[in-house]
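Worksheet: one structure, shown below.
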Amino acid sequence: MDALINDEFVLHYQPKIDLFSRSMTGLEALLRWQHPERGLLTPVEFLPAVLDSDIEFELGQWVIRRLLQQMTEWSEAGHDYHASFNVSAGQLLHPEFCHNLEYLLARYAGVLPGRLELEFQENAVQNDLPKLSAVLAHCRQLGLKISLDNFGAEHASLINLKSLPVDILKIDRSFITDLLTNPADACMVEGVVQLATALQMLVVAEGMEVPELGKRLQQLGCHYVQGYGISHPMPASAISDWLLEWNRNRPLQ
């Protein structure tokens, strides 16, 4: 893909918030394509052409490298933000993934691995489970947190969940959008929170698109959220001002 050669990809960042303290707990790095003619494109507009292609692994490595560069810049400016990045099934199971990750962590040694979170989706569970578990365990040994994204949207079984080294469950947005009007969704969210507690995992609710959802998620025991109700993804240069304004007002009260 010429876009990678031409350096047209960028990362935007969406904050994650603790509903109880109202503090920012981290940021999710989200890939965007600054298309020269069509403007800023989200992954849904280009990622299907990338997955299962020759560029999938290379683009995934670009994301990690760029994130580590950005975290180094933040650290040098006195901002030790935690950040997560997404890894596709093909990238995660690539034979060079762990080796390249170790190389990048060594190259950007000023970034503590404990401030990094690897997010993978449930569709990766459908592939080679023993290999997947070994790769995730290796990443955890390097110090990264492991997050299972879009939990509940696909086919991950409780047996698979029990056997995988996962620290964080991200509840799929499909259970959050109608939370105020659909009792079944509330039951699902509460069940996931209880399951995660039993397995000693944290829970993040994705898709908190309106602030009113925050109170209901608190009632259901969910501490951590992200979504448009807090902030749209933004360039790295905008985060400092956004956080200053957020800490000044502490909305969702």
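Below 30°, between 30° and 60°, or above 60°: for H94 and F57 the angle between ring planes is below 30°, a parallel geometry. Between W33 and H35, the ring planes lie tilted relative to each other; the angle falls in the 30° to 60° range. Between W74 and Y13, the angle of the ring planes goes over 60°, which puts this pair in the perpendicular group of the 30/60° scheme.
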Stepwise, does the side chain to side chain contact (heavy atoms under 4.5 Å, CB included) test hold for T177 with L213?
CA-CA 8 Å; T177 305; L213 286 167; over 6 Å; no

Is there a side chain to side chain contact (heavy atoms under 4.5 Å, CB included) between I171 and F151? Walk through the geometry before answering.
CA-CA 5 Å; I171 306 176; F151 183 73; 5.5 Å; no

Ring pair (Phe, Tyr, Trp, His ring centres under 6.0 Å) between Y224 and F20, intermediate numbers included
CA-CA 8 Å; Y224 307 105; F20 290 82; 8.6 Å; no

Can you list the steps and then say if L217 with I176 is a side chain to side chain contact (heavy atoms under 4.5 Å, CB included)?
CA-CA 9 Å; L217 285 164; I176 307 301; 4.1 Å; yes

Between Y103 and E96, is a side chain to side chain contact (heavy atoms under 4.5 Å, CB included) present by the stated rule, with each step listed?
CA-CA 11 Å; Y103 167 77; E96 293 297 315; over 6 Å; no

Taking it one step at a time, do Q61 and Q91 satisfy side-chain hydrogen bond (donor to acceptor under 3.5 Å, both in side chains)?
CA-CA 8 Å; Q61 292 306 107; Q91 183 189 1; 3.1 Å; yes

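Put simply, the side chain of V111 does not reach to within 4.5 Å of the side chain of S75, judged on heavy atoms. Put simply, the side chain of W62 reaches to within 4.5 Å of the side chain of L4, judged on heavy atoms. In this structure the side chain of E206 reaches within 4.5 angstrom of the side chain of D149, judged on heavy atoms. Contact check for V63 versus N86: no side-chain heavy atoms found under the 4.5 Å cut-off. N182 is not listed as a side-chain neighbour of F175, based on a closest heavy-atom distance of 4.5 Å or more. Inter-residue side-chain proximity for R115 and M71 is flagged as met; some heavy-atom pair is nearer than 4.5 Å. By the 4.5 Å heavy-atom criterion applied to side chains, M208 and Y228 are not counted as neighbours. Between R32 and H12 the shortest side-chain heavy-atom distance falls below 4.5 Å.
Between R216 and E190, no side-chain nitrogen of the basic residue sits less than 4.0 Å from a carboxylate oxygen of the acidic one, so the salt-bridge criterion is not met. Ion pair K170/E119 flagged as a salt bridge, since at least one NZ, NE, NH1 or NH2 atom sits closer than 4.0 Å to an Asp/Glu carboxylate oxygen.
Scanning all heavy atoms of the two residues, the minimum distance from P15 to Q226 falls at O-CB, 3.3 Å. Listed here is the closest heavy atom pair of D52 and E56: N-OE1, 2.8 Å. Between L40 and Q34, the shortest heavy-atom distance links the atoms CD1-OE1, 3.3 Å. Nearest heavy atoms, L30 versus P233: CD1-CG, 3.6 Å. Across every non-hydrogen atom of I168 and V166, the tightest pair is O-CG1, 3.3 Å. Closest approach of H82 and G114 over heavy atoms only: CD2-O, 3.6 Å.
In this structure, S133 OG and H138 NE2 are separated by 13.5 Å, a value rounded to the nearest 0.5 Å. With rounding to the nearest 0.5 Å, the separation of CZ in F97 from CG in L92 is 5.5 Å. Here L132 contributes atom CG and D128 contributes atom CG; the two are 8.0 Å apart, rounded to the nearest 0.5 Å. Between the OG atom in S23 and the CG atom in N247 there is a gap of 8.0 Å [rounded to 0.5 Å]. One finds the CH2 atom of W246 at 5.0 Å from the CD1 atom of I230 (value rounded to the nearest 0.5 Å). Note that the CG atom of L11 and the CD atom of E28 stand 11.0 Å from one another [nearest 0.5 Å].
With hydrogens and angles ignored, the 3.5 Å screen pairs no side-chain donor or acceptor of E117 with any backbone N or O of S147. Looking only at distances, a side-chain donor or acceptor of E45 sits under 3.5 Å from a matching main-chain atom of T42. Side chain of S53 to backbone of V50: a donor-acceptor contact under 3.5 angstrom is found. Of the possible donor and acceptor atoms, one in the side chain of T197 sits under 3.5 Å from a partner among the backbone N and O of V193.
Tracing side-chain contacts under 4.5 Å through hydrophobic residues (I, L, V, M, F, W, Y), one never reaches L202 starting from M188; they form parts of separate clusters. The hydrophobic cluster containing V204 does not contain V210, counting ILVMFWY residues as joined when their side-chain heavy atoms lie under 4.5 angstrom apart, directly or transitively. Both V225 and L27 belong to a single network of hydrophobic side chains, linked directly or stepwise wherever heavy atoms of I, L, V, M, F, W or Y lie under 4.5 Å apart. Both Y81 and L68 belong to a common hydrophobic cluster when Ile, Leu, Val, Met, Phe, Trp and Tyr are linked at side-chain heavy-atom distances under 4.5 angstrom. In terms of hydrophobic clustering, with Ile, Leu, Val, Met, Phe, Trp and Tyr side chains grouped at heavy-atom distances under 4.5 Å, L195 and L164 are assigned to a common cluster.
For D167 and Q200, the side-chain atoms include no donor-acceptor pair closer than 3.5 Å. Residues K16 and S84 have side chains that bring a donor and an acceptor to within less than 3.5 angstrom of each other.
For NE2 of H79, the number of neighbouring non-hydrogen atoms (other residues, nucleotides, ligands) closer than 6.0 Å is greater than 12.
Tested against I64 for a side-chain contact (heavy atoms from CB on, under 4.5 Å), the candidates L104, L118, L116, N100 yield a single pass: L104.
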